[in-house]
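Order of listing sets the numbers, starting from 1, for every ligand and every atom in it. Side-chain atoms are counted along with the backbone in the values below, which use heavy atoms only and exclude waters and symmetry mates.
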Amino acid sequence: MSVTGIVAVSENLAIGKSGKLPWHYSSDLKFFKRTTLHNAVVMGSTTWKGIGKPLPKRLNIVLSRKGGIDERPGVLHFQNTESVLALEEYLNCDLFVIGGSKTYESFAGKIERWIVTEIPKTVEDADTFMPADFLEGFELLITEDGEKGLKIKTYGRKG
Ligand SMILES: NC(=O)c1ccc[n+]([C@@H]2O[C@H](COP(=O)([O-])OP(=O)(O)OC[C@H]3O[C@@H](n4cnc5c(N)ncnc54)[C@H](OP(=O)(O)O)[C@@H]3O)[C@@H](O)[C@H]2O)c1
């Protein structure tokens, strides 16, 4: 089970606003779906509430200390990152950390690969951002050009 962070980030490192994405790029949503399909995705409770339903054809894992996550078929709820990572023994697929910011931070030491969509915008009124150093210790492996000026960059851990 490899652990991959996948994020779309604006020029000023914004990723969210009022519990949602601050933009709509259908090509990026399709890319996200294609990339994560038939794998496991882990998200924080805020992102889970924003999405509102399990992502189909993926094992959905929701991280929450407080709980209160509605029981839904195909959705697992865990209270800490260790319990999620312990699934390695049982899963024959990859784990994608799909956000938001607090959840990326929780898995930071375990992420082996980042897939970053660069959104060619500055979002001044965002309320959730990536830390400036989140790619420290990673090197750029692949750059792909997406639609509407999007760039998709894959990074791997150095060394
Ligand atoms: N641009 C992108 O690619 C992207 C991707 C995903 C999300 N987003 C955006 O990001 C925003 C949400 O991000 P966020 O940082 O506010 O919230 P988040 O990471 O989605 O959720 C935070 C919550 O997750 C739980 N959590 C996180 N780490 C945990 C840990 N180690 N152990 C136990 N529980 C843990 C806690 O839940 P409890 O409070 O329930 O205990 C915490 O309050 C939204 O606007 C969303 O749309 C953007």
Strictly distance-based, threshold 3.5 Å: is any side-chain N or O of [X] a donor or acceptor partner for the main-chain N or O of [Y]?
X    : Y   : answer
R34  : F32 : no
E112 : V3  : yes
D94  : N39 : no
T128 : K17 : no

Can you tell if the side chain of [X] reaches within under 4.5 Å of the side chain of [Y], non-hydrogen atoms only?
X    : Y    : value
S64  : K66  : yes
V42  : F78  : no
W114 : Y104 : yes

For [atom], what's the nearest protein heavy-atom neighbour? Residue, atom name and distance, please.
atom                    : value
atom 11 (C) of ligand 1 : T128 OG1, 3.8 Å
atom 19 (O) of ligand 1 : T103 OG1, 2.8 Å
atom 40 (O) of ligand 1 : S64 OG, 2.6 Å
atom 44 (C) of ligand 1 : G19 C, 3.6 Å
atom 22 (C) of ligand 1 : T46 OG1, 3.7 Å
atom 15 (O) of ligand 1 : K102 N, 2.8 Å
atom 48 (C) of ligand 1 : I15 O, 3.1 Å
atom 12 (C) of ligand 1 : T47 OG1, 3.7 Å

For [X], is at least one N or O under 3.5 Å away from an N or O on ligand 1?
X   : answer
A8  : yes
T81 : no
K20 : yes
N80 : no
W23 : no
V9  : no

If you measure from each non-hydrogen atom of [X] to ligand 1, which part falls under 4.0 Å: side chain, backbone, both or neither?
X    : value
Q79  : backbone
S106 : side chain
K17  : backbone
L63  : both
R65  : both
I98  : backbone

If you take all heavy atoms of [X] and [Y], which pair is closest and at what distance?
X   : Y    : answer
V62 : S45  : CG1-CA, 4.0 Å
W48 : V75  : CH2-CG2, 3.8 Å
W23 : K121 : CB-CE, 4.4 Å

G50 heavy atom under 4.0 Å from ligand 1: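 False for this residue.
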
Y104 heavy atom under 4.0 Å from ligand 1: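 Checking ligand 1 against Y104, which is what was asked, there is a heavy-atom contact under 4.0 Å.
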
Element-labelled atoms of ligand 1 that are located less than 4.0 Å from some non-hydrogen atom of L21: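 Numbered from 1, ligand 1 contributes 1 (N), 2 (C), 4 (C), 47 (O), 48 (C).
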
Residue G16 vicinity, atoms of ligand 1 by number, heavy atom under 4.0 Å: 9 (C), 45 (O)

E118 with K153: basic N within carboxylate O range, under 4.0 Å: yes

Neighbour count above 12 (heavy atom, 6.0 Å) for E144 CD: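 For E144, atom CD is crowded (more than 12 foreign heavy atoms under 6.0 Å).
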
E11, CD: over 12 other non-hydrogen atoms inside 6.0 angstrom: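 Atom CD in E11 is packed in, count exceeds 12.
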
Atom pair CZ (F96) and CZ (F107), whose distance is rounded to the nearest 0.5 Å: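 Rounded to the nearest 0.5 Å, the CZ-CZ separation comes out at 13.5 Å.
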
Single-linkage hydrophobic cluster L63~L91, side-chain heavy atoms < 4.5 angstrom: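 Yes, L63 connects to L91 through the hydrophobic network.
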
The one among S10, G44, S45 that brings a heavy atom closest to atom 42 (C) of ligand 1: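 Nearest option to atom 42 (C) of ligand 1, by heavy atoms: S45.
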
